[in-house]
**Q** 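One structure, pasted below without further comment.
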Amino acid sequence: MENKKPILIAQPTLPNLDDFVESLKVIWERKWLTNNGEFHQEFEKKLADYLGVKYVSLFSNGTLALISALQTLRISGEVITTPYSFVATTHALHWNGIKPVFVDIDPVYGNIDPLKIEAAITPKTTAIMPVHVYGNPSDVEKIEEIAGTYGLKVIYDAAHAFGVKKNKNSILNFGDLSVLSFHATKVFNTIEGGAIVCNDEKTKKRIDFLKNFGFAGETTVVAPGINAKMNELQASYGLLQLKTIDEQIKKRKKIANAYYELLEDIDGIRCLGDMENVKHNYSYFPLFVDASKYPMTRDELYFKLKDNGIHGRRYFYPLISEFPPYRGLPSSKSENLINASIIANQVICLPIYPDLDREVIEEIVKIIKQ
Ligand SMILES: Cc1ncc(COP(=O)(O)O)c(C=O)c1O
C-alpha cells in the first residue's frame with residue numbers, strides 16, 4: 001500500500017454539492033442564519049420522523065448537548081457512567097460539577113455492565129449515564145429497572161447510535177434523554193452538530209431554552225443556559241444528508257459483512273457480530289487482539305497497519321479513568337475496571353465508511369493475516 005493515500009478510519013459523506021448550493025441560495029435570500037430558522041425547524045421535525053422519536057432538539061455539537069442534557073434534568077452529586085467511551089462523556093459531568101463514578105463494562109460488547117451498577121449507588125447518586133458504544137445498544141431494560149428501583153434518571157450518550165433500533169423501536173426512546181453527535185466522523189454528519197432526544201413537549205421546551213442562553217422570551221431568562229444552537233447552513237446540510245442516510249448505512253453493512261467473512265477463524269482476533277433483533281448502523285468496526293493467541297500485541301498490529309497506510313484507531317484507549325483529570329477518583333482504580341482495562345488494551349477500530357473499496361478491505365485483512 002506504499003505511495004497510496006492513507007486509509008483513515010472514517011471518511012465523511014457529504015451531500016450533493018449542487019443541492020447544497022440551492023439551499024445556500026435560499027439562506028442568502030432569507031437572510032436568517034441561526035436562532036430556530038426555517039431549515040432548523042424542518043430538520044428537527046424530519047429527523048424526529050426518521051429516527052422514530054417524539055422530539056429532537058438540535059445542537060451545535062454533541063458535547064454541548066450532553067452538558068445541556070444534564071442541566072435539563074438538574075442532575076447533581078454523583079453519576080454512574082462508563083470509562084470505555086470518548087472522553088466527552090465524562091467531561092460533560094465534570095462541566096456540571098458532577099462526580100463521575102465509573103463502573104466496569106461487559107467483556108463482549110463493552111457497554112456498562114448493569115450487574116455492577118447497584119453496588120456503585122450512594123445517597124449522592126442522581127443518574128446513570130451509559131453509552132451505546134460503537135452503536136451497540138446497552139442493556140436498556142436492566143438499566144431501566146435499576147433506575148426505577150432507585151429513583152435515578154438515565155441519560156444515554158447515544159453519540160454512536162444514530163438510527164439504531166431494538167425490536168423495531170429506536171434505541172433513543174429509552175431513558176429520560178438520549179444525546180446524539182453529528183460530528184464529521186459519525187454515521188450521520190452535519191460537519192459539527194448534535195441533538196437531544198426527549199419524550200415530552202415540556203422537556204423539549206426546557207432544552208430549547210437552555211441551548212439559547214436560557215431565554216424563554218424576549219426579556220425572560222429562566223435558566224443559566226449556554227449558546228449551543230445549530231445554524232441554518234448546517235440544518236439545511238443535515239436535511240440533505242437525510243435523503244441518503246439509508247443508502248449509506250446499507251453500504252456500511254456490506255463492508256461490515258465483508259470484514260466478518262474475511263476475518264473469520266483467525267486465532268486471537270475477535271470481532272463483534274450483529275446483536276439479535278437489532279438494526280445496527282455499522283458506525284465502527286472494532287476488532288480485539290488477544291496477544292496470548294495472536295502472534296502480535298494490539299499495538300504491534302496497530303503500528304503495522306499504520307506503516308502500511310491503514311490508520312485504524314484504538315477507540316477507546318486509554319480508558320477515560322486513566323486520564324489525569326479522572327485517575328485520582330476512587331472508582332478509577334484498575335481493580336474496579338478489569339474488563340474495561342482488558343478491552344481497552346485489545347481494541348483496534350478498522351476503517352469503515354460507505355465508499356471503502358472491497359480491495360482495501362482485502363488488503364487490510366491480508367496484513368492482519370500475514
Ligand atoms: C461517545 C461520544 N460521546 C460524545 C462525543 C462528543 O460529540 P461531539 O464531537 O459532537 O461534541 C463523541 C464524539 O465525538 C463520542 O464518540
**Q** Just checking, is any N or O donor in the side chain of Lys229 or Asn231 under 3.5 Å from an acceptor N or O on the other one?
**A** no

**Q** Using ring-ring contact (aromatic ring centres under 6.0 Å, His included) as the criterion, list what pairs up with His160, not counting sequence neighbours.
**A** Tyr284, Phe316

**Q** Using the side chain to side chain contact (heavy atoms under 4.5 Å, CB included) criterion, which residues pair with Glu247? Sequence neighbours excluded.
**A** Lys250, Lys251

**Q** Give a yes or no answer on whether the side chain of Asp106 reaches the backbone of Asp113 with a donor-acceptor pair at less than 3.5 Å.
**A** no

**Q** Give a yes-or-no answer on whether the side chains of Thr297 and Asp299 include a donor-acceptor pair shorter than 3.5 Å.
**A** no

**Q** May I ask you to test the Phe285-Cys271 pair for a side-chain heavy-atom distance under 4.5 Å?
**A** yes

**Q** Only counting residues at least two apart or in another chain, list the ones meeting ring-ring contact (aromatic ring centres under 6.0 Å, His included) with His91.
**A** Tyr326

**Q** Output all residues satisfying ring-ring contact (aromatic ring centres under 6.0 Å, His included) with Phe162, sequence neighbours left out; order by chain, then residue number.
**A** Tyr50, Phe188

**Q** Please confirm whether the backbone N or O of Ser181 pairs with a side-chain atom of Asn61, one donor and one acceptor, at under 3.5 Å?
**A** no

**Q** I'd like to know if the side chain of Asn281 reaches the main chain of Gly163, judged simply by a donor and an acceptor atom lying under 3.5 Å from each other, with no hydrogens or angles considered.
**A** no

**Q** Measuring only between side-chain heavy atoms, which start at C-beta, is Arg206 closer than 4.5 Å to Leu210?
**A** yes

**Q** Side chains of Asn339 and Tyr84: is there a donor and an acceptor less than 3.5 Å apart?
**A** no

**Q** Once salt bridge (charged side-chain N to carboxylate O under 4.0 Å, His left out) is applied, do any residues pair with Arg30, and if so which ones, sequence neighbours excluded?
**A** Glu38

**Q** So, for Ala340 and Asp104, which heavy atoms are closest and what is the spacing to 0.1 Å?
**A** N-OD1, 2.9 Å

**Q** Does the gap between the ring centers of Phe86 and Tyr315 come in under 6.0 Å?
**A** no

**Q** Report the residues that fulfil side-chain hydrogen bond (donor to acceptor under 3.5 Å, both in side chains) with Glu22, sequence neighbours left out, ordered by chain and then residue number.
**A** Lys25

**Q** So, Gln41 side chain and Asn36 main chain: donor-acceptor pair closer than 3.5 Å or not?
**A** yes

**Q** State yes or no: do Val53 and Ile196 share one hydrophobic cluster built from I, L, V, M, F, W and Y residues joined by side-chain heavy-atom distances below 4.5 Å, directly or via other members?
**A** no

**Q** Looking only at atom types and distance, does a side-chain atom of Gln71 sit under 3.5 Å from a main-chain N or O of Gly225, one as donor and one as acceptor?
**A** no

**Q** Tell me whether Gln234 contacts the main-chain N or O of Thr190 through its side chain, where contact means a donor paired with an acceptor under 3.5 Å.
**A** yes

**Q** Under a 3.5 Å distance rule, please check whether Lys306 uses its side chain to pair with a backbone N or O of Gly312 as donor and acceptor.
**A** no

**Q** Do Leu356 and Ile7 have side-chain heavy atoms sitting under 4.5 Å apart?
**A** yes

**Q** Looking at every non-hydrogen atom in both residues, tell me the closest pair between Thr125 and Leu152 and how far apart they are.
**A** O-CD2, 3.4 Å

